[in-house]
Amino acid sequence: MTASVGREMKDRYRLAFRLYPYARSQDQDAATPVRHPVIVMGGGPVGIAMALDLGLRGVPVLVLDDHEGVGQGSRAICFSKRTLEICDRWGCGEALLEKGVVWNVGKVFHDDRQVFEFNLLPEEGHRFPAFINLPQPFFEKTLVERVRQAQAEGAPIEIRGRNRVTAVEARDDGVTLDVDTPDGPYRLQADWLIGCDGAGSPLRGMMGLDFEGRVFEDSFLIADIRMDGDFPTERWFWFEPWFRSGASTLLHKQPDGIWRVDFQIGWEVDRVKELKEENIRARLDAMLPGVTYEIVWSSIYTFQCRRMKKFRHGRVIFAGDSAHQVSPFGARGANSGIQDVDNLGWKLASVIRGEAPDALIDSYDDERRHAADENILKSTRSTDFISPKSRISHVFRNAVLDLAERHAFARPLVNSGRLSVPCTYDGLPLNGEDALPGGPARTRPGSPCPDAPLAGETLLRRLGGGFTLLCIDAEAPEVEGVERIALTSTDDPTGALSDRYLGAASGAVYLIRPDQHVAARWARATARDIEAALARACGRT
Amino acid sequence: MPLNTVANIPDPDGFYAELIAAHEGLSDDESVALNARLILLLANHIGDRSVLREALAEARRRDG
Ligand SMILES: Cc1cc2nc3c(=O)[nH]c(=O)nc-3n(C[C@H](O)[C@H](O)[C@H](O)COP(=O)(O)OP(=O)(O)OC[C@H]3O[C@@H](n4cnc5c(N)ncnc54)[C@H](O)[C@@H]3O)c2cc1C
């Protein structure tokens with residue numbers, strides 16, 4: 001009998017949006033397993049972004065997720081400028097910006113005193129702000145909506161809900177997957193499998209792979225509340241707050257009158273008790289005397305910083321939380337996952353099309369492990385400052401806070417989270433020459449390109465999805481496979497382009513990768529220079 | 001020269017992590033002793049008595 005077996009698949013979490021209900025696929029009736037060029041395991045923010053990047057490049061991609069949409073619970077709320085820039089390349093940066101709350105100012109308090117105040121992006125001339133706050137389900141929904149639009153325009157993307165990967169067999173030339181569905185199991189083949197199945201990654205487990213690092217012995221109670229309090233749109237962080245609702249407390253605004261409150265409540269806590277509404281309210285009431293509010297969502301989290309030793313295992317590649325996990329201080333989780341996608345998409349597409357050797361995928365492993373180490377280091381330091389693990393560390397932390405109130409020197413030492421900025425791939429193999437004497441450090445090879453206003457445009461919008469040769473007050477020859485953009489000082493109304501790309505040089509030629517990182521730069525470049533840098537950036541040398 | 005209270009340490013987070021790491025595994029008493037040695041080393045490096053006096057006064061300020 002071939003009729004539906006009507007199996008029940010239990011959800012592990014409740015849905016905020018049901019976006020890809022289960023539908024039987026022809027593949028389930030195939031006599032032999034159907035082979036796909038790329039299968040993405042997991043439809044969280046990273047998996048959906050991966051599909052979007054590949055699909056927009058014309059690479060057929062299938063996403064398997066074991067739920068039918070986006071989970072509830074807000075988890076990530078801070079999305080960085082770099083994430084918005086990448087999403088803008090995919091065509092949904094503006095939609096996110098419109099829905100999100102823009103903030104720039106952060107205030108740090110100790111007890112009842114303001115220690116200092118910071119502004120994230122005093123620099124003008126960027127299309128996107130340093131951060132927006134938006135609950136993760138909305139971020140994910142916006143990505144899925146963009147997938148739907150791209151599909152309508154012919155992008156070869158497919159998302160299959162309630163398709164749970166239960167086993168994999170990886171070989172040198174591909175992967176076989178066992179998939180469970182409400183209609184029973186079936187089998188698939190993939191040339192490439194990308195594991196975007198989250199921090200608990202079942203895929204890692206199936207392949208017996210490591211995930212090592214540090215557990216932080218502290219818990220955090222998170223409550224999203226709706227209130228009409230007159231707090232400004234700023235990030236407020238208290239160390240040892242006067243209201244004593246936690247060892248530290250964070251208050252942050254989300255859209256629609258919702259606020260995120262995050263209390264540090266210690267390691268050995270009774271979760272069930274702490275999550276009782278009356279107990280959450282006791283903490284909130286102490287913090288917000290006389291304010292009425294509604295608790296929209298709450299949860300208790302503990303944090304870890306860890307990563308896999310390698311992100312690439314032959315034809316299986318890991319991205320996002322499955323590959324690396326950080327503490328949330330600094331908003332480096334989803335934001336770094338989106339950068340993984342940005343890094344992997346063009347490389348995998350080039351290899352699949354036969355334009356670059358398989359070794360190019362190894363550079364994903366090099367570059368994104370480098371980035372993960374930077375993110376783990378920064379978020380570990382923040383966590384150590386916020387949650388000092390020895391008496392002496394606590395003494396120093398409070399000494400810094402005491403001094404910071406009066407003395408500028410102590411303020412850079414206050415660490416309530418170093419917010420996510422993209423990593424520069426210093427010293428890694430894809431980087432070419434830095435032959436621009438006097439060129440700014442921020443645009444050296446390996447750096448993500450900073451945005452800059454052009455007449456009626458911004459620079460990053462001009463960069464396409466491929467390699468670009470950016471010539472500023474300089475000539476350069478045509479090179480096959482590279483789009484050339486020639487700008488002069490008349491295109492630079494504010495001088496930002498010159499500041500960020502020329503520095504003391506009078507002209508420059510930049511070779512820019514598809515992920516908008518600088519591959520090489522010169523004061524003057526011959527076709528051979530450019531071809532050599534291009535070959536290197538494509539893993540051909 | 002007056003006491004410099006403008007930020008003067010490159011890579012402040014890296015410095016702070018090294019400072020805390022120097023105390024790793026020490027008892028509270030051992031940490032206090034380490035701090036004392038550290039202060040004496042740095043004080044000698046500074047040398048200037050008026051700067052040291054100013055720093056002592058600033059550090060004392062919190063405890064009234
Ligand atoms: C409290 C908190 C606050 C945070 N704040 C921020 C922030 O402000 N900014 C930020 O950038 N990050 C933040 N993060 C981190 C962010 O939430 C994660 O980094 C992000 O969700 C990772 O995305 P992902 O797609 O890699 O994994 P996930 O979101 O975990 O998605 C994995 C997906 O894989 C699916 N899956 C699992 N197993 C299978 C299987 N066997 N078969 C098929 N599908 C499967 C799951 O159902 C899920 O849909 C925060 C995290 C927490 C906990």
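All chains are named by letter (A, B, ...) in the order of the sequence lines, taking the proteins before the strands, and each is independently numbered beginning at 1.
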Turns out that what part of A:Ser390 lies under 4.5 Å from chain B's heavy atoms comes down to neither
If you compare all heavy atoms of B:Glu54 against all heavy atoms of B:Pro2, which two are closest, and at what distance to 0.1 Å?
OE1-CA, 3.6 Å
To the nearest 0.5 Å, atom CZ of A:Arg306 lies from atom CZ of A:Phe211 at 5.0 Å
Neighbours of chain B found in residues 414-427 of chain A - heavy atoms under 4.5 Å:
A:Asn415, A:Arg418
With a 4.5 angstrom heavy-atom cut-off, is it the side chain or the backbone of A:Arg397 that approaches chain B, or both, or neither?
both
Within the 3.5 Å criterion, strictly below it, is a donor on A:Asn398 or A:Glu240 matched to an acceptor on the partner's side chain?
yes
Verdict with reasoning, A:Trp236 to A:His252, per ring pair (Phe, Tyr, Trp, His ring centres under 6.0 Å)
CA-CA 7 Å; A:Trp236 286 13; A:His252 224 174; over 10 Å; no
Taking heavy atoms only and a threshold strictly under 4.5 Å, list by residue number the residues of residues 323-340 of chain A that touch chain B; give 'none' if the list is empty.
none
Among residues 14-26 of chain B, residues within the sub-4.5 Å heavy-atom range of chain A, in order of number, are B:Gly14, B:Phe15, B:Tyr16, B:Ala17, B:Leu19, B:Ile20, B:His23, B:Glu24
May I ask you to check whether over 12 heavy atoms, not counting those of A:Arg391, lie within 6.0 Å of atom CZ?
no
Would you mind telling me which of B:Ile9, B:Asp28, B:Val32 has the largest number of heavy-atom pairs within less than 4.5 Å of chain A?
B:Asp28
Please name the pair of heavy atoms, one in A:Pro445 and one in A:Arg521, separated by the smallest distance, quoted to 0.1 Å.
CD-NE, 4.2 Å
What's the spacing between B:Glu30 CD and A:Ile392 CD1 if we round to 0.5 Å?
11.5 Å
Measuring heavy-atom distances to chain B, does A:Lys378 have an atom under 4.5 Å in its side chain, in its backbone, in both, or in neither?
neither
What distance separates A:Arg442 CZ from A:Ser447 OG, expressed to the nearest 0.5 Å?
9.5 Å
In terms of ring plane angle, is the pair A:Phe239 and A:His110 parallel, tilted or perpendicular, where the classes change at 30° and 60°?
perpendicular
Shortest non-hydrogen pair, A:Leu401 vs A:Phe385, comes out as CD2-CE2, 4.5 Å
Residues two or more places apart in sequence or in another chain: which of them pass side chain to side chain contact (heavy atoms under 4.5 Å, CB included) with A:Val215?
A:Trp267, A:Gln304
Taking every non-hydrogen atom, the tightest pair across A:Arg307 and A:Ala372:
CD-CB, 4.1 Å
At a 4.5 Å cut-off on heavy atoms, which part of B:Asp13 comes close to chain A: side chain, backbone, both, or neither?
both
Which bit of A:Val400 is near chain B, if near means a heavy-atom gap under 4.5 Å: side chain, backbone, both or neither?
side chain
Start with the C-alpha distance between A:Phe220 and A:Phe303, add both sets of side-chain angles, then the distance that settles ring pair (Phe, Tyr, Trp, His ring centres under 6.0 Å), and finish with yes or no.
CA-CA 9 Å; A:Phe220 294 78; A:Phe303 301 125; 4.8 Å; yes
Less than 4.5 Å to any heavy atom of chain A: does that hold for the side chain of B:Asn4, its backbone, both, or neither?
neither
Taking all non-hydrogen atoms of both residues, which atom of A:Trp238 and which atom of A:Asp111 are closest, and how far apart?
CD1-O, 3.7 Å
State plainly whether the residues A:Glu405 and A:Arg113 are in salt-bridge range, i.e. N to O under 4.0 Å.
yes
Of all heavy-atom pairs linking B:Glu58 and A:His407, the shortest is OE1-NE2, 2.8 Å
